[in-house]
Protein chains: 2
Amino acid sequence: MLSNLYEFTLMTSNKKYVIDIDLDYENIVQKIEHFLGKFLLEIYGNCSAVFDGRIKSTLGLGDRLLIIKIDQTILLHELRSLKPINWQLPGVGKLEFKLINSGENKQDIKQTNNYLLELYTFRPKTNESFTVVFENIYSLRAITGRENSEINIEGNEADMQSYLVQNPSLIEDDIKIINREYNTPIGKIDLIGKDKNGKTVLIELKKSLITPADAFQIVRYREIIMKIWNKPENIRSMIIGSKISEKLYFYLKEHEIEFKEIKWNEIFPSIPRKKKKKLNDFFSKNT
Amino acid sequence: MLSNLYEFTLMTSNKKYVIDIDLDYENIVQKIEHFLGKFLLEIYGNCSAVFDGRIKSTLGLGDRLLIIKIDQTILLHELRSLKPINWQLPGVGKLEFKLINSGENKQDIKQTNNYLLELYTFRPKTNESFTVVFENIYSLRAITGRENSEINIEGNEADMQSYLVQNPSLIEDDIKIINREYNTPIGKIDLIGKDKNGKTVLIELKKSLITPADAFQIVRYREIIMKIWNKPENIRSMIIGSKISEKLYFYLKEHEIEFKEIKWNEIFPSIPRKKKKKLNDFFSKNT
DNA sequence: GCCTAGGTCCCGTTG
DNA sequence: CAACGGGGCCTAGGC
């Protein structure tokens, strides 16, 4: 595939998987389109942008890094902050690049700053358009590579649930877990237990801080189970988490919802800082 | 500042704001550290990674783009998808880069693939560490620019609230808005109105789809207001949104919560696709 | 496709 | 600082 790149004026590169594209504007749109969908594209330059859809966002001129991934994901990043300042998800069909002559009098097309490079996309599913206009491009490159990534995640809520099923005494003495992900008309109850007095315990799990929405949720589950099972005196409700605000704690108490504190990060601790455990240790332990 | 870059072997670049750093591993750590905090750094190569904190995530070898922003935000991006596969937020102190000799016999330090470049960070606030190890680096560059960005966002929930305060008849005839963001012990009520019969109307606003948590929130508000004000017969509750599932609609009905459909995207429409309105039009309209 | 809920949610605002 | 709620939330899983 690389063989036919040189129908354009591309900068040769001795870097594996990275192709710098020269900034002469001649055929720049075709050059870009050549890489779309096959390479990750990076355009760094001075641009403005408009997103119009779920909200309207207009972005004044600034130096930003536009990344167009292989799957059409578009990210417009500033020099600070985690989230892109603008973005668009895949599903925009063919990306529409266009070169616009901004100068009064027509000049050499190789002169970058007389031309604007516009990217326009439209995503029918959400009725959203996104436009980026580059007044100046400082760098343009395409990168590719092997995508054989593999991620392993431990310590999410599903893990916590499994752990508590294995160790129910962490919840309370002599409780038995009789259901996981129990289906109700309004959603799933994380765990259902039977306590030592034979009462049913509805349990909602949260890894960390309990939010008001979490508290409401378990109240609502209690409501629906009482209605379905029609045995209110035999039902307890409990929310498990590592932290709760005082206000919410009393709210739960009023509604006869118990709060059980389980500090998940003590059960599932991070590797201590002092040990400075390194990547190799981690991998060798796991294999 | 650029003047003293050439104490290292950097590639000269004719591109404004973009500096390619050569991949000889001699002094590579110092080269990188030279740019940290002042430039956005991009390292593209074959790497593995471990994040350890709120969860543990281990990432096998793959070609990924590591971005280190000026504010210490770290993003590890794959060639697809919006979100980085791993990341870390600012607050990690000095980033710890280290060059590790991986080969059995010591070889020329300029040979990339006998050395591993490791980045280790630790974020005390959340007790999270993040380690990336590059087995191969294909490209290393630093970019900088002007950060005078300005974003203008319209059409969020706050805008909707203001719009309804100005145009209460959209909610119903002869209603008067008497409160915004009314504080209760369990949260803020978006709007409180007085209807034509003198009844109080508690109003919860949602831009789009009503979620179960939204529905339950307004039920709780009703509860708390009834308790505080002690005038249940004079209180109505309403949730405003552009969409609701049938299930939730009946849930609300059972709890005497009214649902008022207001299609926000009709009040605040997107620029139609057909017109293909461009950035310039948008800006000239707004100025 | 809708619905539901988790997330290393992030992020801004308020008290 | 914690707490609270919005977000163009995104994303994965179930039905």
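Note: hydrogens, waters and symmetry copies are ignored here, and every other heavy atom, side chains too, is used.
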Between A:E258 and A:K260, does at least one N-O distance fall below 4.0 Å, as a salt bridge requires?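 Here A:E258 does not pair with A:K260 in a salt bridge, since their nearest N and O are not under 4.0 Å apart.
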Salt bridge check, A:E254 against B:K227: does any charged N sit closer than 4.0 Å to a carboxylate O?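 Between A:E254 and B:K227 there is a salt bridge, with a charged N closer than 4.0 Å to a carboxylate O.
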In whole Å, measure the gap between the P atoms of D:dG8 and C:dA5 for me.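 Going atom to atom, P in each nucleotide, I get 22 Å.
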Could you give the distance separating D:dG14 and C:dT8 at their C1' atoms, to the nearest angstrom?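 Their C1' atoms lie roughly 24 Å apart.
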Between A:F134 and A:R64, is there a cation-pi geometry (under 6.0 Å to ring centre, at most 45° from the normal)?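 No, A:R64 does not lie over the aromatic ring of A:F134.
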Can a cation-pi geometry be assigned to A:K56 and B:F268, taking NZ or CZ under 6.0 Å from the six-membered ring centre and within 45° of the ring axis?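 Verdict for B:F268: a cation-pi partner in A:K56.
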Quick check on DNA chain C: between B:I55 and A:S81, whose nearest nucleotide comes earlier from the 5' end?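 Taking each residue's closest nucleotide, the earlier one in sequence belongs to B:I55.
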Aromatic ring pairing A:F130/A:F51, orientation class (parallel under 30°, perpendicular over 60°, tilted between):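 The rings of A:F130 and A:F51 sit tilted, inter-plane angle from 30° to 60°.
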Report yes if a donor N or O on one partner sits less than 3.5 Å from an acceptor N or O on the other, where the partners are the side chain of A:N156 and the base of C:dT8; otherwise report no.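 Donor-acceptor pair under 3.5 Å: no.
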Any side-chain N or O of [X] less than 4.0 Å from the OP1 or OP2 oxygen of [N]?
X	N	answer
B:K188	C:dT13	no
A:Y221	C:dA5	yes
A:K206	C:dG6	yes

Going 5' to 3' along DNA chain D, which are the first and last nucleotides with any atom under 4.0 Å from a heavy atom of chain A?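 First-to-last contact on DNA chain D, by the 4.0 Å heavy-atom rule, is D:dA3 to D:dG14.
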Indicate whether any N or O donor in one side chain lies under 3.5 Å from an N or O acceptor in the other, for B:S208 and A:R54.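 Per modelled atom types, B:S208 and A:R54 side chains form no pair under 3.5 Å.
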